[in-house]
Colleague: 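Here you go, one structure.
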Amino acid sequence: MSDLLETVRGLSKKTDSKILMVVLDGVGGLPLDVNGETELATAKTPNLDTLAAGSQLGLVELVGAGITPGSGPGHLSLFGYDPLKFVVGRGALSAVGIGVKLNAGDVAVRGNFATLGGGRVVQDRRAGRPSDEKNAEIVAKLRAAIPEIDGTPVEIYTESEHRFVVVFRAAGGEVLGAQISDVDPQATGVVPMTAAAHDAASEKTAGLVNAFVTRAEQALAGETQVNGVLFRGYSDVPHFPSFADVYQLRSACIASYPMYKGLASLVGMDVLPVDGHEDALDGKVAALKENWDAYDFFYFHVKKTDSTGEDGDFAAKVKKIELFDALLPELLALNPDVLAIVGDHSTPSKLASHSWHPVPLLIRSEYGRKDAAQRYTEEEAGRGSLGLRRGTDLMPLLMANALKLNKYGA
């Protein structure tokens, strides 16, 4: 456990106050032109503007200066777990998020369905974002073609759209290593990479991964769009200090995407059922309202601010920000004692990928100081009273604003 986490655990106390943390996934952006406006600044957000004028703002680096965080490390940082100390692969997060139990020695892998052209060149890393129904159809085809590899049982699961999960089950008391290089080149116009083991314990797993890639391409040869697989995010069974133990909070996760539910579950949050597709925020708001009296900490996740950025669609990301702004009054009507709005990383449409840029943070409580920021944008957040913070600072700040931390020392 990190020193800060251990200190906070020693100071935490139970109170009746409620904290709502809204994570606008990938919300940070960049202007398309020099001296232009970001997606946040372009969006018409009257409710966020009003909220920002009475709140504290700042910027957050999730891992460190210049380091581009994945969603897993970004969220761990927001939850107070140093992502350089608490490392977990995307595979375990996705697996746990869809209800798959991992046993000691197993390895879970996060996969993307992809479109490959001649010479196995990657044309689309997300295969056009197929429907969940098409995903399930492809998974069924792969299950029939690859039930095992060299005696190692293989389980394949639908996650969402282009994402799927593979679990290599350890057999006969063996332990499969998870220190393996990516197959996903995270670029188009190049061929997939060959998985390589970083240590001797992972050599067998690397062989399993490469064999799976070959057999999957053979099984999908008749498909025109979903005809390849890309892997990254290998992980074995992770262990974290309990969120409830550290913060003395009854905590709940409101998310639709399996990976985020998996991460919340791993740290010990209750994952609440949400009706509707991940892009439908009404179901999440309904779940929040229905369970408001049962918990004192809520993690509320909004995905599509990230997906549209990854697609390089500036206008669509602006629209998703505006849709969130429209529902903000419903969140405010619940009157949380502390409200935070933040991102887990930046996903500028200009880059169509995650980036290293700090994300804007807003904290509203009755104990905030006067703040110069007037909008929830990157530029205005840079003027805010909270300054530039590490992601792991967020939970102690929220706990303090909720009067849930005792004094440190005499």
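Because the structure is a prediction, the values reported are computed rather than measured. Position 1 is the first residue of the sequence, and the numbers go up from there.
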Colleague: Assess the pair F113 and F164: is the distance between their ring centroids shorter than 6.0 Å?
Modeller: yes

Colleague: State, to 0.1 Å, how close K289 and E330 come at their nearest heavy-atom pair, and which atoms those are.
Modeller: NZ-OE1, 2.8 Å

Colleague: Keeping the roles fixed (side chain from N210, backbone from G207), state whether a donor-acceptor pair exists under 3.5 Å.
Modeller: no

Colleague: Go through it in stages, so that I can follow the logic: the residues are L266 and L93, the test is side chain to side chain contact (heavy atoms under 4.5 Å, CB included), and I'd like the CA-CA distance, side-chain angles, deciding distance and then a yes or no.
Modeller: CA-CA 8 Å; L266 285 173; L93 299 180; 3.4 Å; yes

Colleague: First locate atom CG of L57, then atom CZ of R364, and finally report the distance between them rounded to the nearest 0.5 Å.
Modeller: 13.0 Å

Colleague: Less than 4.5 Å apart, any side-chain heavy atom of V342 and any of L24?
Modeller: no

Colleague: Among side-chain atoms of N401 and S365, is any donor-acceptor pair under 3.5 angstrom?
Modeller: yes

Colleague: Going from CG on N135 to OG1 on T158, what distance comes out if it is rounded to the nearest 0.5 angstrom?
Modeller: 4.0 Å

Colleague: Let me confirm one number: the CG-CG distance from L116 to N227, rounded to the nearest 0.5 Å.
Modeller: 4.5 Å

Colleague: Scan side-chain atoms only and decide if T115 and D124 contain a donor-acceptor pair under the 3.5 Å cut-off.
Modeller: no

Colleague: Hey, does L102 have a side-chain heavy atom less than 4.5 Å from the side chain of D236?
Modeller: no

Colleague: For the atom pair NZ (K85) and CG (D3), what is the distance rounded to the nearest 0.5 Å?
Modeller: 8.5 Å

Colleague: May I ask you to check whether E39 and S349 show a side-chain donor-acceptor distance below 3.5 Å?
Modeller: yes

Colleague: Does any N or O in the side chain of S202 come within less than 3.5 Å of the main-chain N or O of T205, such that one atom is a donor and the other an acceptor?
Modeller: no

Colleague: Can a donor-acceptor pair be found, under 3.5 Å and without considering hydrogens, that links the side chain of R143 to the backbone of I156?
Modeller: yes

Colleague: If we only count heavy atoms from C-beta on, is the I321 to T42 side-chain gap below 4.5 Å?
Modeller: no

Colleague: For a quick test of reading the model, state the closest non-hydrogen atom pair linking T194 to S181 and the distance between them.
Modeller: O-OG, 3.7 Å

Colleague: How would you list all residue pairs meeting ring-ring contact (aromatic ring centres under 6.0 Å, His included) that involve residues 167-215, not counting sequence neighbours?
Modeller: F212-F231

Colleague: For K317, is there an ion pair with E310 - N to carboxylate O distance below 4.0 angstrom?
Modeller: no

Colleague: Under 3.5 Å, is there a donor-acceptor pair between the side chain of S235 and the main chain of A92?
Modeller: yes

Colleague: Could you check M395 against F243 for side chain to side chain contact (heavy atoms under 4.5 Å, CB included), going step by step and ending with a plain yes or no?
Modeller: CA-CA 11 Å; M395 279 302 302; F243 196 85; 3.7 Å; yes

Colleague: Is any side-chain heavy atom of L361 less than 4.5 Å from a side-chain heavy atom of L59?
Modeller: no

Colleague: Between E174 and K204, does any NZ, NE, NH1 or NH2 come within less than 4.0 Å of an OD or OE carboxylate oxygen?
Modeller: yes

Colleague: Identify the residue among H357, E61, H75, H354 that makes a side chain to side chain donor-acceptor pair (under 3.5 Å) with H345.
Modeller: H354

Colleague: Verify whether one side chain among D49 and Y376 offers a donor that lies under 3.5 Å from an acceptor in the other.
Modeller: no

Colleague: With no hydrogens and no angle check, do the side chains of Y157 and E155 hold a donor and an acceptor under 3.5 Å apart?
Modeller: yes

Colleague: State whether the side chain of D33 and the backbone N or O of G36 hold a donor-acceptor pair below 3.5 Å, judged by distance alone.
Modeller: no

Colleague: Taking the side chain as C-beta and beyond, is there a heavy-atom pair between L339 and V22 under 4.5 Å?
Modeller: yes

Colleague: Would you give the length of the straight line joining atom CG of L249 to atom NZ of K14, rounded to the nearest 0.5 angstrom?
Modeller: 7.5 Å

Colleague: Any side-chain to backbone donor/acceptor pair from Y257 onto V302? Under 3.5 Å, distance only.
Modeller: no

Colleague: Please answer whether the main-chain N or O of D325 pairs with a side-chain N or O of N47 as donor and acceptor at a distance below 3.5 Å.
Modeller: yes

Colleague: Look at atom CG of D150 and say whether more than 12 heavy atoms of other residues, nucleotides or ligands are closer to it than 6.0 Å.
Modeller: no

Colleague: Can you see which heavy atom on A41 is nearest to which on T377, and at what distance?
Modeller: CA-CG2, 3.8 Å

Colleague: Is it true that, when you exclude E290 itself, more than 12 heavy atoms of the residues, nucleotides or ligands shown sit nearer than 6.0 Å to its CD?
Modeller: no

Colleague: Please test I363 against L394 for side chain to side chain contact (heavy atoms under 4.5 Å, CB included), starting from the C-alpha separation and ending with a verdict.
Modeller: CA-CA 9 Å; I363 297 177; L394 179 58; 4.2 Å; yes

Colleague: Side chains of T38 and E378: any donor to acceptor distance under 3.5 Å?
Modeller: yes

Colleague: Taking NZ, NE, NH1 and NH2 as the nitrogens, is one of them in D296 or K18 under 4.0 Å from a carboxylate oxygen of the other?
Modeller: no

Colleague: For Y234 and D182, test the side chains for any donor-to-acceptor distance below 3.5 angstrom and give the result as yes or no.
Modeller: no

Colleague: Between R169 and T152, is there a side-chain donor-acceptor contact under 3.5 Å, judged purely by atom types and distance?
Modeller: no

Colleague: Could you tell me whether K304 and E161 make a salt bridge, using a distance below 4.0 angstrom between a side-chain N and a carboxylate O?
Modeller: yes

Colleague: Which atom pair, heavy atoms only, marks the closest approach of M259 to G72?
Modeller: CE-N, 4.2 Å

Colleague: Would you say that more than 12 heavy atoms from the other residues, nucleotides or ligands in this model lie under 6.0 Å from the CG of N103, or not?
Modeller: yes

Colleague: Does a sphere of radius 6.0 Å around CG in D270 hold more than 12 heavy atoms from other residues, nucleotides or ligands, not counting ones at 6.0 Å or beyond?
Modeller: yes

Colleague: Please tell me if the side chains of S307 and R129 come closer than 4.5 Å, counting only heavy atoms from C-beta onward.
Modeller: yes

Colleague: Assess whether side chain to side chain contact (heavy atoms under 4.5 Å, CB included) is satisfied between V165 and I98, documenting all intermediate values.
Modeller: CA-CA 9 Å; V165 180; I98 58 177; 4.2 Å; yes

Colleague: Got a sec: does the CD of E379 have more than 12 other heavy atoms crowding it under 6.0 Å?
Modeller: no

Colleague: Do you know which two heavy atoms are closest between S346 and P358, and how far apart they sit?
Modeller: OG-O, 3.6 Å

Colleague: Check each of T305, D311, D306, T308 against T347 using the side chain to side chain donor-acceptor pair (under 3.5 Å) test, and report the only one that passes.
Modeller: D306

Colleague: Judged by atom type as modelled, is there a donor-acceptor pair below 3.5 Å linking the side chain of K284 to the main-chain atoms of V274?
Modeller: no

Colleague: I need the I254 CD1 to L288 CG distance, nearest 0.5 Å.
Modeller: 4.5 Å

Colleague: So, the side chain of S12 versus the backbone of V246: is there a donor-acceptor pair under 3.5 Å, distance only?
Modeller: yes

Colleague: Which heavy atom in V63 sits nearest to a heavy atom in P69, and how many Å separate them?
Modeller: CG2-CB, 3.7 Å

Colleague: Determine whether the aromatic ring centres of Y260 and H301 lie less than 6.0 Å apart.
Modeller: yes

Colleague: Look only at the side chain of R389 and the backbone of G58, and say whether a donor-acceptor pair between them is shorter than 3.5 Å.
Modeller: no

Colleague: Answer yes or no: is there a side-chain heavy-atom contact under 4.5 Å between D337 and I19?
Modeller: no

Colleague: Taking the side chain as C-beta and beyond, is there a heavy-atom pair between F79 and F240 under 4.5 Å?
Modeller: no

